[in-house]
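Remember, it's 1-based here, ligands and their atoms both numbered in the order they're listed. FYI, side chains are in, hydrogens and waters are out, and symmetry mates aren't considered; it's all heavy atoms of this structure. Computed from a predicted model, the values in this text were never measured in an experiment.
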Amino acid sequence: MKVYRTIEEIRFEIGKLKSAGKKVGFVPTMGALHEGHISLIRKAHEHSDAVVVSIFVNPEQFGPNEDYETYPRELDEDLEKIKEQGVSLVFTPDRTELYDSEKYLKIVINSLNDHMCGASRPGFFEGVLLVVNKLFNIVQPDVALFGQKDIQQFQIISRMVEEFNQNVEMVMVPISRANDGLALSSRNAYLSEQERKIAPGLYRSLTYIEKQVRGGVDTPALMISHQKSELEAKGFKIDYLNMFSLKTLQPVETLAKGEQYILAGAVWLGKTRLIDNILIEL
Ligand code: AMP
């Protein structure tokens with residue numbers, strides 16, 4: 001496994017893979033790797049001949065009061081973990097390798113970031129698109145793998161690929177969970193022992209709502225508001241919890257057969273923000 005910090009080196013190595021006719025699979029991450037990231041790498045092997053992983057904590061997707069400085073950085077452990085997964089190349093650029101001090105351009109997102117995490121994290125998805133766009137241009141992957149855990153991110157990147165005619169196949173990988181249902185996340189490391197115990201409550205609420213919806217409830221607003229109150233009583237602070245259209249990422253009041261929805265929530269437990277979702281096709 002080769003590890004490179006510069007664009008020039010990684011481009012050169014990927015050029016060699018491509019001229020050998022290899023299909024390149026790409027897994028972008030911010031490090032502090034867990035089983036969820038590893039599941040993306042495993043899936044990448046099914047879709048490609050050579051897997052490239054990037055590890056970069058992207059400053060452009062953190063708001064001024066967010067956790068860029070304290071985000072967990074565990075490069076040595078990360079490299080150990082992915083060495084076992086048969087990864088060909090790892091790209092770990094410094095901040096200055098990807099970003100110049102001056103920027104004259106930015107990406108603007110229409111409507112897809114009005115709700116869900118886009119509403120509570122202004123500029124977040126623009127920052128994600130900026131770095132993914134750059135990484136796609138550097139790595140030139142044939143296929144890129146992202147987690148369902150960040151489903152709004154997946155949908156927005158997929159639109160970028162489509163609207164900007166990028167030649168990348170997008171693959172979504174299901175959410176990896178702990179035994180008690182909590183979605184794995186690098187940020188789970190922030191949870192206290194007590195918070196960790198109640199954290200699976202978010203997934204439990206989502207599965208409860210899912211069951212009712214699959215059972216025929218087509219106007220879930222009241223039930224959702226009831227679940228919000230239950231979560232608040234347990235100590236969660238609700239950012240959002242709702243049904244959204246998979247395509248438009250807008251909230252939906254009345255559900256219809258044949259449509260695809262995301263049942264998604266974001267909550268705070270103390271200083272930790274947790275997100276989770278379930279895809280529902282009726
Ligand atoms: P991050 O390092 O948090 O930016 O995540 C890198 C990639 O891993 C993204 O595509 C995430 O959606 C994905 N990911 C994070 N957590 C999980 C999880 N629990 N299950 C599946 N994929 C995940």
Heteroatom proximity flag, L40 to ligand 1, N/O under 3.5 Å: no

Close approach, H34 and ligand 1, non-hydrogen under 4.0 angstrom: yes

Contact partition for Q148 relative to ligand 1, non-hydrogen atoms under 4.0 Å: neither

Part of S185 with heavy atoms under 4.0 Å of ligand 1, whether side chain, backbone, both or neither: neither

Atoms in ligand 1 flagged as close to T29, the criterion being non-hydrogen separation under 4.0 Å: 2 (O), 6 (C)

For D150, atoms of ligand 1 separated by under 4.0 Å from a heavy atom: 11 (C), 12 (O)

Candidate with minimal heavy-atom separation from atom 5 (O) of ligand 1, of M30, R177, H37: H37

With K149 via side chain to side chain contact (heavy atoms under 4.5 Å, CB included) - residues at least two apart: I175, A183, S185, I275

Residues R204 and E230 bridged, charged N to O under 4.0 Å: no

A32 and ligand 1 - part of the residue with a heavy-atom distance under 4.0 Å: neither

K83/E80 ion pair, N-O < 4.0 Å: yes

Charged N-O contact under 4.0 Å between D142 and K22: no

